[in-house]
Amino acid sequence: MSDSSQPVDALAISLFHDSVEPYTYADGDALVVRLRVAKGFARRIDVVHMDKFQIEQTRVTTQAEVFSDAGALHESDHGITAPAAYSSRRRWCESTMYTIYQAKLVRESKRFKYWFRIHSASGVRFFSRQGVTQTEPHPDDAFETPYLGERDRFAAPEWARGVTYYQVFPERFARSSKAMADPSKTGLAAWDSVPTPFSFYGGDLQGIIEHLDHLGKLGVGVLYMTPIFTAPSNHKYDTVDYLQIDPQFGDLETFRKLVAACHERGIKVVLDAVFNHMGAQHPIFLDLLEKGEESPFRDYIYAKSWPLSTTQRNYETFGYVANMPKWRTAHPEVEEYLCQVGEYWIREADIDGWRLDVSDEVEHRFWQHFRDRIKALKPDALICGEIWQVATPWLRGNEFDAVMNYPLGRAILDWLAKGKADAHGFHDAIDSVRTAYPEPVLHTLWNLLDSHDTPRLLTECRGDVTRMKLASFLQFTFAGSPLLYYGDEVGMKGAGDPLCRAGMVWNERSQNMDLFAHYQTLMELRNTYEALRIGDVRPLAKARNRQLYAFMRRSERQMVMAIVYAGKQPTSLALVDQRLPDGTWTIVYGSEVGAVVRTGATLTIAPRSAMLLVWTGDEYGN
């Protein structure tokens with residue numbers, strides 16, 4: 001029977017570290033380690049590290065910085081459910097009850113033994129695999145990363161760090177001039193009509209080519225297209241032939257011209273592939289329907305019984321959609337077939353990467369093989385997975401380079417579009433995302449606020465353009481790679497699928513050119529300031545105003561500060577935070593562009609506005 005009179009060691013209970021991501025990871029030849037500790041318990045954290053073969057000769061102490069200190073539970077918070085923006089109750093608790101410290105350890109040998117030295121009001125204690133101790137642990141009890149292997153680290157293409165994406169739904173982006181003059185193009189919906197799940201508008205690849213100047217004016221870095229391969233639907237996620245361009249869109253030669261035209265403009269091209277499932281009209285599935293167990297492809301899917309029946313749906317599918325039977329990617333022949341598809345379009349058209357649909361329902365081993373094949377052919381090709389939750393297991397360097405960062409998008413929308421949260425809630429939610437990944441991963445995540453699968457941003461903002469500008473400013477200044485869904489830049493609206501898939505607005509009299517100029521400015525800022533593309537992100541101290549959020553982006557050569565304020569009355573913000581260096585800041589976005597302020601000054605913030613400041617040096621001009 002336990003003795004309830006024994007004091008509970010709150011510090012020991014709160015401490016957490018493990019030698020795997022995101023608490024331990026490689027950043028180049030450095031090892032980054034994190035320690036979680038209850039809020040208010042530690043005054044300073046040091047990491048004592050050494051080479052296992054030369055313990056005393058190589059011993060070094062590195063002070064850790066506060067990486068995340070999002071919030072604190074209030075008495076009224078006890079027993080409530082984690083907000084929807086969080087991936088799990090654990091991640092929510094971590095971001096609201098704990099401080100996470102981080103240190104970057106460097107040593108030439110790339111071998112690390114280490115423990116943590118915790119300075120608190122009650123003295124100094126140590127944390128190792130032995131737990132919490134009053135004295136230094138024995139090296140045998142240290143945490144350890146035996147060696148930083150060259151291939152055991154996250155290594156995305158350099159060009160994908162902080163790049164800006166433009167998503168096109170090809171069937172709805174633009175009809176080519178040739179298609180508009182073709183009398184055989186009958187039965188198409190009027191371009192400005194309300195879309196239905198089954199309507200066809202006649203958009204094609206040549207139409208995209210003819211409007212590439214639109215992307216150039218915006219300043220985008222990557223064109224991402226939803227599927228373009230042969231399929232009966234307008235969305236093409238029910239693939240029938242992975243090696244053919246759907247005739248509705250054009251042919252291989254037209255696609256090659258599109259890729260070449262993009263590359264001439266400095267724009268990368270990423271395609272969408274569906275390797276979780278095929279369409280029901282795929283020749284392999286038709287053979288299975290016809291021959292049943294006698295088909296040579298009987299092990300290519302997950303059949304529950306024979307013969308197959310699309311009405312009984314006695315086979316595994318995407319969701320519960322009968323016309324999307326699931327591939328058995330564990331079968332060697334299926335794996336080989338789909339890997340060849342990935343290679344084919346790189347060889348034939350020089351595409352720059354893949355976005356992979358429903359990727360979290362495909363086994364990890366398949367994606368590891370797929371990555372090996374793609375990277376062997378084109379080392380700087382991008383591989384991005386469609387995953388709607390925190391996706392750390394797919395981002396360890398042996399599967400994906402990026403995923404779609406829906407958790408960030410939900411957090412932004414909850415605060416700035418829907419008003420379901422305030423800035424403090426956003427702060428906590430976003431730190432839950434930020435602490436879920438190694439920092440190098442954050443720069444390649446696709447930061448999106450809407451897509452072909454969700455209501456459009458302006459609709460989520462209830463038609464309020466100012467809300468939309470604030471949300472997109474935060475999207476474009478936070479760590480990651482922002483994705484702009486076609487038409488948002490001219491003010492298109494639309495609820496969920498299919499209403500979010502309307503024909504692109506090309507009539508300039510119907511376009512919101514103020515919004516277009518806004519997105520041009522956001523992209524110009526990213527292209528101008530490297531800190532917005534590749535800089536670390538550090539939230540600044542919480543403002544008392546619950547509608548204001550400020551954070552810093554810093555690269556080796558540059559530092560910027562972003563401020564977002566959603567309140568309806570003017571407010572002020574003192575530029576006082578231990579993370580801010582002394583010196584001057586120049587406002588490059590906001591109502592007072594060109595104005596110069598000093599660290600320690602108080603800014604006046606206009607209602608519902610945003611501001612970006614660039615650090616221009618200390619008092620000595622450095």
Side-chain angles (χ1 to χ4, degrees), residues 157-160 162-182 185 191 201-230 236 242-273 341-355 374 377-384 446 452 481-490 503-508 511 516 519-520 523-524 526-527:
E158 185 64 27
W159 64 261
V163 72
T164 303
Y165 292 83
Y166 188 85
Q167 180 187 354
V168 162
F169 194 81
E171 217 277 318
R172 306 290 163 81
F173 188 64
R175 287 181 194 160
S176 63
S177 53
K178 180 179 178 181
M180 288 190 285
D182 188 348
K185 296 282 186 179
W191 193 257
Y201 284 58
D204 56 17
L205 298 180
Q206 183 61 37
I208 299 174
I209 293 174
E210 293 172 6
H211 287 85
L212 283 179
D213 284 348
H214 179 80
L215 277 65
K217 290 176 183 177
L218 277 170
V220 301
V222 183
L223 168 63
Y224 153 54
M225 292 179 287
T226 52
I228 60 174
F229 310 132
T230 304
K236 310 301 178 190
Y242 290 91
L243 302 180
Q244 294 292 329
I245 303 293
D246 192 292
Q248 175 192 346
F249 294 154
D251 54 24
L252 176 58
E253 189 58 34
T254 305
F255 180 58
R256 285 173 173 159
K257 289 179 180 178
L258 171 58
V259 175
C262 285
H263 287 173
E264 288 174 4
R265 289 169 169 80
I267 298 172
K268 304 285 188 181
V269 178
V270 172
L271 291 186
D272 202 330
V341 170
E343 294 170 327
Y344 177 84
W345 291 102
I346 292 176
R347 287 197 182 100
E348 291 298 320
D350 194 27
I351 67 166
D352 301 291
W354 290 101
R355 180 266 192 189
I374 296 301
L377 184 60
K378 190 169 188 175
D380 70 340
L382 177 82
I383 303 175
C384 175
W446 289 19
H452 63 290
S481 298
L483 181 148
L484 175 61
Y485 185 42
Y486 81 95
D488 282 355
E489 73 276 16
V490 294
M504 172 68 178
V505 175
W506 290 114
N507 186 334
E508 291 186 4
Q511 292 179 333
F516 185 83
Y519 277 102
Q520 279 184 310
M523 294 196 191
E524 183 180 0
R526 287 190 73 86
N527 292 333

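One is the number of the first residue; the rest follow in order along the sequence.
Classification of the F516-H214 ring pair by plane angle, with boundaries at 30° and 60°, yields tilted. A parallel orientation is assigned to the rings of F229 and W345, their planes being inclined by less than 30° (bins at 30° and 60°). Ring-plane geometry between W446 and Y165 is classed as tilted, the angle between the planes lying from 30 to 60 degrees on a 0 to 90 degree scale.
By the 4.0 Å N-to-carboxylate-O rule, E348 lies close enough to R256 to be salt-bridged with it. A salt bridge does not link D272 to K236: none of the charged side-chain nitrogens sits closer than 4.0 Å to a carboxylate oxygen.
Residues F169 and M225 fail the side-chain proximity criterion, which asks for heavy atoms closer than 4.5 Å. Side-chain contact check for V269 versus V222: every heavy-atom pair is 4.5 Å or farther apart.
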Quiz item: Given the rule in the side-chain contact (heavy atoms from CB on, under 4.5 Å) test, do F173 and W506 qualify, once you have shown the distances and angles that lead to the verdict?
Solution: CA-CA 9 Å; F173 188 64; W506 290 114; 3.6 Å; yes
Quiz item: Yes or no on side-chain contact (heavy atoms from CB on, under 4.5 Å) for V163 and R526, after CA distance, side-chain angles and deciding distance?
Solution: CA-CA 8 Å; V163 72; R526 287 190 73 86; over 6 Å; no
Self-check item: Evaluation steps, side-chain contact (heavy atoms from CB on, under 4.5 Å), between I346 and I374
Solution: CA-CA 8 Å; I346 292 176; I374 296 301; 3.8 Å; yes
Quiz prompt | Verdict with supporting geometry, Q206 and K257, side chain to side chain donor-acceptor pair (under 3.5 Å) | solution = CA-CA 9 Å; Q206 183 61 37; K257 289 179 180 178; 6.0 Å; no
Self-check item: Intermediate values then yes/no, side-chain contact (heavy atoms from CB on, under 4.5 Å), L243 and T230
Solution: CA-CA 8 Å; L243 302 180; T230 304; over 6 Å; no
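Shown here for V168 and I208, the closest heavy-atom pair between the two residues is CG1-CD1, 3.9 Å. Contact between G162 and S481 at its shortest, heavy atoms only, is N-OG, 3.2 Å. In terms of heavy atoms, F249 sits closest to P227 at CE1-O, 3.7 Å. Summarising the geometry of W191 relative to G203, their closest heavy-atom pair is CZ3-N, 4.1 Å, with the distance given to 0.1 Å.
Judged by distance alone, with hydrogens and angles left aside, the side-chain atoms of K378 form a donor-acceptor pair with the main-chain N or O of I351 at under 3.5 Å. Between the side chain of Q520 and the backbone N or O of G219, no donor-acceptor pair lies under 3.5 Å. D251 places a side-chain N or O within 3.5 Å of a backbone atom of T254 that can act as its donor or acceptor partner. The backbone N or O of A273 sits nowhere less than 3.5 Å from a side-chain atom of R355 that would complete a donor-acceptor pair.
With rounding to the nearest 0.5 angstrom, the CG atom of L215 is 9.0 Å from the CG atom of L484.
Neither side chain, T226 nor Q167, offers a donor N or O lying under 3.5 Å from an acceptor on the other. Between the side chains of D204 and S176, at least one donor N or O sits under 3.5 Å from an acceptor N or O.
Taking the six-membered ring for Trp, Y224 and W354 have ring centres at least 6.0 Å apart. For Y486 and H452, the ring centers are positioned 6.0 Å apart or more.
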